Amino acid sequence: MADVKERHEMIKVQKEDLTLKTSGQQNQIPLHSLYSRNESRTTCNGHDIAIGKPINSTTQIGGDEYNKHVNSAVILYNMGLIHQERSNHAKASELFTMALQVLSQTCNPLLTALILYSSAHALYEAGEHQRAVNNLSESVQIYSTATDVTDEDDTSSTPQSLDSIELNLASALSLLGRIQYEVQDYDSAIELCQGVLLKRHSVLGANHIDTAAACYNLALVLAEAGCDELTQDSICLMERSLHLFKVYAHASDCGIVSLSSIVNVLQTLGGIYVGIESFTDATQCVKNALQIACHILSDYPSEPTKIIQVADL
């Protein structure tokens, strides 16, 4: 009897912990994801720009407190997160898959969508892009349905919960757009990135760091699409994201992440200027990026990945 009670308390703590992880993150320092230029060897490799962290969610582990399916899914999901943090993506994917197998969508669709997203991230990191796309598509469908329901039934949700679902949807679209970008399906990537920017701008505002990341990603995809008529739009979005990253770097204490983002934007913007033969602007971008990269090396000498970044410049 004591063992049963102890196990119940353990599950209760795990469920409360998951709820905190998935419902309260909007008040913490936001994590964003920048796409990387296809030809660069200093891609966003996870050391600098955090991607695929548990996305903001209003998922609540409601219903029957003793529901064994939800309990099992929560435990498997938490175990998967641990392996994901340790970059053991194959094991994380296996645990997320097991969680999905025991969790019916009718039980908790938002929790299902969250696990689908985390599973897709693990699969993406493991190089299984098609399976990641399948999971992301299902996650997007669930979140889209949830936003439609909350729009129609204002009594069933609060504006905050709707905003959180919209941000979750944007995160899933962003990873899906990244995959389409990497396989050079630029038309699909542009459409997805436009959706991400629209949602983040609507919920977070024009000056938020995650909106800046969405601006950059859309700008990069537009530039890589190779259409001359899109180049100016790309430059405007890139300069907008650069401004926001600079403002954020001055206002926050997560220096290396913000400074690395600025370097990435300057490198990419410089490459775009080279493409249109605006060499003066390109040279200035590279000089600024080199100055910041050297500053990073000075302040963070234990970061070997930064040495490669400076070498690229």
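Only a predicted model underlies this, so the values are computations on that prediction, with no experimental measurement involved.
Across all non-hydrogen atoms, the minimal contact from A189 to V221 is CB-CG1, 3.7 Å. Heavy atoms only, all atoms of each residue included: A219 and S234 are closest at O-OG, 2.7 Å. Pairing each heavy atom of I272 with each of A223, the nearest pair is CD1-CB, 3.7 Å. Considering all non-hydrogen atoms of both residues, L81 and S118 come closest at CD2-OG, 4.4 Å. Nearest heavy-atom pair, E229 versus D233, reported as atom, atom and distance to 0.1 Å: O-OD2, 4.3 Å. A92 and G80 make their closest contact through CB-O, 3.5 Å (heavy atoms, listed as atom of the first residue, atom of the second, distance).
One hydrophobic cluster, built from ILVMFWY side chains closer than 4.5 Å, holds both L110 and V140. Cluster membership for V265 and L197, using ILVMFWY side-chain heavy atoms within less than 4.5 angstrom, is shared. In the hydrophobic clustering of this structure, L266 does not group with V274; members are Ile, Leu, Val, Met, Phe, Trp, Tyr whose side-chain heavy atoms approach within less than 4.5 Å, directly or through other members. Neither L192 nor L198 shares a network with the other; the hydrophobic side chains, linked directly or stepwise wherever heavy atoms of I, L, V, M, F, W or Y lie under 4.5 Å apart, form separate groups for each. In terms of hydrophobic clustering, with Ile, Leu, Val, Met, Phe, Trp and Tyr side chains grouped at heavy-atom distances under 4.5 Å, L175 and L169 are assigned to a common cluster.
Atom CG in L237 sits 12.5 Å away from atom CG in L242 (nearest 0.5 Å). Taken from CD1 in I190 to CD in E224, the straight-line distance is 11.0 Å, to the nearest 0.5 Å. A distance of 9.5 Å separates CD of E94 from CG of N88, quoted to the nearest 0.5 Å. Y216 contributes atom OH, which lies 5.5 Å from atom CE of M238 (distance to the nearest 0.5 angstrom). The distance from the OH atom of Y248 to the CG atom of D210 is 8.5 Å, given to the nearest 0.5 Å. Taken from CG in L136 to OG in S174, the straight-line distance is 10.0 Å, to the nearest 0.5 Å.
Side-chain contact between R200 and S171 is present, with heavy atoms from C-beta onward closer than 4.5 Å. Taking the side chain as every heavy atom from C-beta outward, V70 and V102 never approach each other to under 4.5 Å. Contact annotation: the side chain of S87 approaches that of H89 to within less than 4.5 Å [non-hydrogen atoms, C-beta and beyond]. With contacts defined as side-chain heavy-atom distances shorter than 4.5 Å, the pair Y186/L222 does not qualify. Within the 4.5 Å cutoff, the side chain of R240 has heavy atoms near those of the N207 side chain.
The backbone N or O of G205 lies less than 3.5 Å from a partner atom in the side chain of T211, making a donor-acceptor pair.
Counting non-hydrogen atoms of neighbouring residues, nucleotides and ligands closer than 6.0 angstrom, the CD atom of E239 exceeds 12 such neighbours. For E277, the CD atom sits in a loose shell: 12 or fewer heavy atoms of surrounding residues, nucleotides or ligands are nearer than 6.0 Å. Heavy-atom contacts from other residues, nucleotides or ligands closer than 6.0 Å to CD of E128 number more than 12.
A side-chain contact (heavy atoms from CB on, under 4.5 Å) with I115 is found for one member of N135, T97, N108, L100 and no other, namely L100.
For F96 and Y77, the ring centers sit closer than 6.0 Å to each other.
Donor-acceptor pairing under 3.5 Å is lacking for the side chains of N134 and E138. At a cut-off of 3.5 Å, with distance as the only test, a side-chain donor of H121 or Q84 sits close to an acceptor on the other residue.
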Apply side chain to side chain contact (heavy atoms under 4.5 Å, CB included) to the pair I142 and Y117, showing each step before the final yes or no.
CA-CA 11 Å; I142 294 172; Y117 174 88; over 6 Å; no
Decide side chain to side chain contact (heavy atoms under 4.5 Å, CB included) for F279 and Y273; before the verdict, give the C-alpha distance in whole Å, the side-chain angles of both, and the deciding distance to 0.1 Å.
CA-CA 6 Å; F279 299 115; Y273 279 129; over 6 Å; no
For side chain to side chain contact (heavy atoms under 4.5 Å, CB included), just list the numbers for K199 and L167, CA-CA rounded to whole Å, side-chain angles, deciding distance to a tenth of an Å, and then say yes or no.
CA-CA 7 Å; K199 292 182 182 302; L167 291 177; over 6 Å; no
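The aromatic rings of H129 and Y124 sit parallel, their planes meeting at an angle under 30°, below the 60° perpendicular limit.
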